[in-house]
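Following: one structure in structure tokens, then a few remarks.
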Amino acid sequence: MFSGVVSCLLLSSCGQQITSSASSGTEEKAPEEAYSAYLFTYFTGNNKDEEAIRFALSNDGYNYRALNNNKPVINSADISSTGGVRDPHILRGADGKTFYMVVTDMVSANGWSSNRAMVLLKSTDLVNWTSSVVNIQQQFSGQEDLLRVWAPQTIYDPEAGKYMIYFSMKHGEDPDKIYYAYANKDFTALETTPKQLFFSPTNGAAIDGDIIHKDGKYHLFFKTEGEGSGIKIATSDKLTEGYVLQDKYVQQTKDPVEGSGVFKLNNSDDYILMYDVYTKGKYQFTKSRDLQNFTIIDQEVSMNFHPRHGTVLPVTAEEAARLMGKWGTADDVIGSARASGLKKINITLDTAAKQLYLPVKPGVNLSAFDPEFTAFPGVTIAPQSAQDFTSGPVTYTVNVKGQEPHTYQVTAREDHNPVLEGFYADPDVLYSEKTGKFYIYPTSDGFTGWSGTYFKTFSSDNLVDWKDEGVILDLHKDVSWADRNAWAPCIIEKKTGDQYKYFYYFTAAQKIGVAVADNPTGPFVDSGKPLIDAFPEGVTGGQQIDPEVFADPKTGKNYLYWGNGYMAGAELNEDMVSIKPGTTKVMTPDATFREGATVSYRNGTYYFLWSEDDTRSENYRVRYGTSSTPMGKIIVPENNLVIAKDKEAGIYGTGHNSILQMPGKDEWYIVYHRFNYPKGITMGDAAGYNREVSIDKLEFNTDGSIRQVTPTHQGVKAVDLKGNGGNRL
């Protein structure tokens with residue numbers, strides 16, 4: 001009856017679905033041009049309150065805004081047997097107007113082999129859903145050793161005229177395998193016994209299946225488990241059998257991934273393959289035209305939420321407006337500004353006062369600035385054109401269809417902190433005599449559990465305008481002895497004759513290495529082994545991290561300092577890549593020392609600065625002591641606080657700094673990181689790996705003591721070198 005070649009995508013991720021009539025045998029493709037937006041359904045994490053269905057909308061398939069303030073749109077306790085659901089998959093039905101959703105019925109806190117069920121949901125409007133729990137072990141015989149049922153998805157089978165649900169199951173000591181069964185007419189239960197869908201040639205585990213139909217073939221994307229895990233594709237001419245493995249991984253990252261989803265962009269020949277990079281707390285988006293070659297497009301993608309294992313469904317303008325009317329808010333609309341001149345991660349909305357703060361990048365013309373708010377179907381925003389923000393706040397009115405209009409006062413202002421765009425921490429600052437520019441060398445932040453694996457540098461002529469110079473050292477590519485936890489680097493420029501060398505000390509896998517380059521932007525070549533990988537004598541706790549390099553202007557000798565939980569120092573050999581034997585000394589100044597030592601010299605005094613408390617704490621801050629020699633006893637003043645949080649300004653977690661002196665001048669700057677503003681203080685421990693880099697002035701009292709710095713959003717004004725440089729001392 002359904003003998004024709006299916007020309008449309010047959011999966012939930014794509015809303016272009018076949019309209020079929022089992023009685024007449026006719027097939028009709030839903031008009032693709034009808035779809036003008038995208039619905040993303042997802043869950044957010046492994047806590048029980050995160051294991052719930054959430055929705056987000058996009059106009060273009062790249063930029064998504066969470067609905068319902070990123071809260072669940074369906075109460076998990078109302079639909080599941082465990083109280084939690086995961087891995088939501090959404091499908092437009094064959095009639096074009098009925099929607100099907102399936103989810104894993106599971107609370108991860110009960111264990112990864114604790115569930116036996118899935119939940120089937122059905123809707124005619126995307127807002128109101130009916131649901132049924134399907135417990136495989138209870139419904140079907142021979143399932144006594146079933147341990148888990150994971151990641152169900154639905155596809156319409158035109159040959160059978162039924163909806164096929166496919167999912168992975170694990171029995172006893174067997175690996176996870178992908179099975180399928182047909183749902184009953186009402187989509188409330190399974191009417192056939194689960195059968196194995198994909199047979200791995202290696203009998204390896206397979207989970208998170210996602211089927212898409214293209215060019216007469218069904219493409220099954222799935223995740224392999226065990227050795228060499230990742231996303232692979234198996235293809236078949238038939239939906240329910242004959243899948244042949246294409247033995248290559250298609251994810252474009254070396255990090256662990258799961259939960260792949262494929263959808264076709266509206267009115268385009270391009271497909272998006274997205275997947276959950278779960279150890280990094282982020283999604284990666286890739287684009288393909290042939291489902292064989294995939295290009296990373298992360299730089300084009302934005303979300304105001306952190307999804308886990310979800311799927312995307314193209315929707316019509318009417319459907320998007322209905323979703324906005326139910327779960328959209330005027331607050332979210334006014335907070336959706338996306339102009340290229342904005343510091344997007346620092347946008348601040350006071351929902352009670354109806355006030356929005358838009359920080360702009362240096363050089364933005366505020367006399368004619370358009371914030372470019374995102375307007376979904378059913379939403380109007382006025383005014384729509386560029387406005388003059390130089391004389392004060394501009395009034396905007398947001399109207400979401402079916403809701404009362406809301407008015408906001410919007411302020412746009414050029415603030416210089418943070419100085420780098422994105423999440424970075426542990427900044428080390430250098431002025432290069434060779435190039436006449438400033439450089440910041442930070443930890444690449446924003447990765448769950450400080451799991452970044454590469455280092456970047458940024459350059460500036462004036463301390464205000466910073467250019468991303470790209471990755472200068474990638475642990476996976478450039479370092480043989482460590483591949484994780486790229487943290488807290490430092491650098492020094494050394495000149496011999498007319499040649500410059502740059503010695504870059506960095507943390508990897510809780511060890512300290514050194515790499516060398518001829519230019520401040522690299523390429524850097526690692527020495528091939530760690531420089532420091534053991535506790536100094538007498539120390540039994542802490543970590544070998546946070547190197548600091550210092551050239552003594554009095555003697556010309558070079559020193560390296562390091563440590564977490566303790567502070568150690570040692571003299572470097574002339575080669576700058578080895579420690580002079582017998583010079584290592586434990587120098588911990590007092591009990592406030594945690595990490596992040598930095599050293600500078602002024603008027604005959606050596607200043608030692610360090611960070612106190614934990615970088616996840618809002619009270620992370622900098623203290624200092626002084627010494628008469630680079631390796632001497634550190635004297636700690638009674639009032640030795642350098643910089644700390646400013647609750648009134650919403651600035652928290654100010655620490656792990658470096659110091660810059662302008663040459664020939666008693667003019668100093670402190671470069672440090674802080675929690676992301678404004679969200680960091682609401683993020684719990686995650687604030688400690690979602691940090692940003694700032695610069696403020698550092699000043700001294702007449703007696704040589706450091707005057708406590710007040711951290712600011714304004715930052716520093718642009719400096720004009722006019723041929724004069726600055727030295728990192």
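These figures come from a predicted structure and were not determined experimentally.
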- [ ] Could you walk me through whether Ser460 and Asp465 pass the side chain to side chain donor-acceptor pair (under 3.5 Å) test, one step at a time?
- [x] CA-CA 6 Å; Ser460 176; Asp465 301 287; over 6 Å; no
Task: Test side chain to side chain donor-acceptor pair (under 3.5 Å) applied to Tyr275 and Gln284, step by step - done: CA-CA 6 Å; Tyr275 37 81; Gln284 183 163 82; 2.5 Å; yes
TODO: Go through Thr286 and Ile272 one step at a time and tell me if the side chain to side chain contact (heavy atoms under 4.5 Å, CB included) criterion holds.
DONE: CA-CA 6 Å; Thr286 66; Ile272 299 297; 6.0 Å; no
Open item on the list: Working note: Tyr441 + Tyr504, criterion ring-ring contact (aromatic ring centres under 6.0 Å, His included); need CA distance, chi angles, decisive distance, verdict.
Closed with: CA-CA 9 Å; Tyr441 299 84; Tyr504 183 75; 5.8 Å; yes
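Between Asn519 and Phe524, the closest heavy-atom pair is O-CZ, 3.9 Å. Taking all atoms of both residues into account, the shortest heavy-atom contact from Gly655 to Tyr672 is O-CB, 3.5 Å. Closest approach of Ala570 to Met631, counting heavy atoms only: N-CE, 3.8 Å. Of all heavy-atom pairs between Gln292 and Lys248, the closest is O-NZ, 3.2 Å. Between Pro359 and Ile347, the shortest heavy-atom contact is CD-CA, 3.9 Å. Residue Ser578 comes nearest to Leu531 through the heavy atom pair CA-CD1, 3.7 Å, listed as atom of the first residue, atom of the second, then distance.
Applying the salt bridge (charged side-chain N to carboxylate O under 4.0 Å, His left out) rule to Glu469 yields no partners; only residues at least two apart in sequence or on another chain are considered. When the side-chain contact (heavy atoms from CB on, under 4.5 Å) test is applied to Ala568, the partners found at least two apart in sequence or on another chain are Pro536, Trp562, Tyr566. Every residue two or more places apart in sequence or in another chain was checked for a ring-ring contact (aromatic ring centres under 6.0 Å, His included) with His416, and none qualifies. In this structure Asp613 satisfies the side chain to side chain donor-acceptor pair (under 3.5 Å) test together with Ser617, sequence neighbours excluded. Take Ala488 and apply the side-chain contact (heavy atoms from CB on, under 4.5 Å) test, not counting sequence neighbours, and it matches Asp426, Thr443, Thr507, Asp546, His656. Residues meeting the ring-ring contact (aromatic ring centres under 6.0 Å, His included) test with Phe506, sequence neighbours left out: Phe455, Trp481. The salt bridge (charged side-chain N to carboxylate O under 4.0 Å, His left out) check on Glu595 picks up nothing, with sequence neighbours excluded. Shown here are the ring-ring contact (aromatic ring centres under 6.0 Å, His included) partners of Tyr652, two or more places apart in sequence or in another chain: there are none. Considering only residues two or more places apart in sequence or on other chains, Arg484 meets the salt bridge (charged side-chain N to carboxylate O under 4.0 Å, His left out) condition with none of them. Phe608 pairs by the ring-ring contact (aromatic ring centres under 6.0 Å, His included) definition with Tyr561, not counting sequence neighbours. Every residue two or more places apart in sequence or in another chain was checked for a salt bridge (charged side-chain N to carboxylate O under 4.0 Å, His left out) with Lys679, and none qualifies.
Judged by the 6.0 Å and 45° rule, Lys697 forms a cation-pi pair with Tyr669. For the pair Arg691 and Tyr424, the cation-pi test (distance below 6.0 Å, angle within 45°) is failed.
Of the possible polar contacts, one joining the Thr457 side chain to the Ile440 backbone as a donor-acceptor pair under 3.5 Å is found. Without hydrogens or angle criteria, Ser432 side chain to Pro520 main chain gives no donor-acceptor distance under 3.5 Å. The main-chain N or O of Asn293 is found under 3.5 Å from a side-chain atom of Ser288 such that the two form a donor-acceptor pair. Between the side chain of Asp478 and the backbone N or O of Asp474 there is at least one donor-acceptor pair closer than 3.5 Å.
Checking Thr592 against Asp590 by side-chain atom types alone, a donor-acceptor pair falls below 3.5 Å. Side-chain atoms of Thr712 and Asp696 include a donor-acceptor pair closer than 3.5 Å. Counting only N and O atoms by type, the side chains of Tyr502 and Glu493 include a donor and acceptor under 3.5 Å apart. With 3.5 Å as the limit, one finds a donor-acceptor pair spanning the side chains of Ser705 and Asp703. With no hydrogens or angles considered, no side-chain donor-acceptor pair links Gln708 and Asn639 at under 3.5 Å. Between the side chains of Tyr357 and Asp415, at least one donor N or O sits under 3.5 Å from an acceptor N or O. For the residue pair Tyr439 and Thr435, a side-chain donor N or O sits within less than 3.5 Å of a side-chain acceptor on the partner.
Using the six-membered ring where Trp is involved, Trp487 and Trp450 have ring planes that are perpendicular, over 60° apart on the 30 and 60° scheme. Ring geometry for Tyr283 versus Phe285: interplanar angle of 30 to 60°, hence tilted.
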Check residues 553-560 and write down every donor-acceptor pair under 3.5 Å in which the side-chain atom is one partner and the other belongs to a residue at least two apart or another chain.
from: Thr555; atom 1: OG1; to: Asp552; atom 2: OD2; distance (Å): 3.0
from: Thr555; atom 1: OG1; to: Lys557; atom 2: N; distance (Å): 3.2
from: Asn558; atom 1: OD1; to: Lys494; atom 2: NZ; distance (Å): 2.9

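Ionic pairing of Asp276 and Lys282 is not present here: no N-O contact between side-chain nitrogen and carboxylate oxygen is shorter than 4.0 angstrom. Between Lys495 and Glu433 there is no salt bridge, since none of the side-chain N atoms of the basic residue sits less than 4.0 Å from a carboxylate O of the acidic one.
Here the two rings, on Phe438 and Phe458, have centers that are 6.0 Å apart or farther. For His673 and Tyr620, the ring centers sit closer than 6.0 Å to each other. For Trp668 and Phe700, the ring centers are positioned less than 6.0 Å apart.
Shown are Lys456, Lys343, Lys361; of these, the salt bridge (charged side-chain N to carboxylate O under 4.0 Å, His left out) with Glu421 is made only by Lys361.
Shown here is Glu574, whose CD atom has no more than 12 heavy atoms of other residues, nucleotides or ligands within 6.0 Å. The neighbour count for Glu537 CD, taken as heavy atoms of other residues, nucleotides or ligands under 6.0 Å away, does not exceed 12. In the displayed structure, Lys434 atom NZ is contacted under 6.0 Å by more than 12 heavy atoms of other residues, nucleotides or ligands.
To the nearest 0.5 Å, atoms CG (Asn485) and CD (Gln543) are separated by 8.5 Å.
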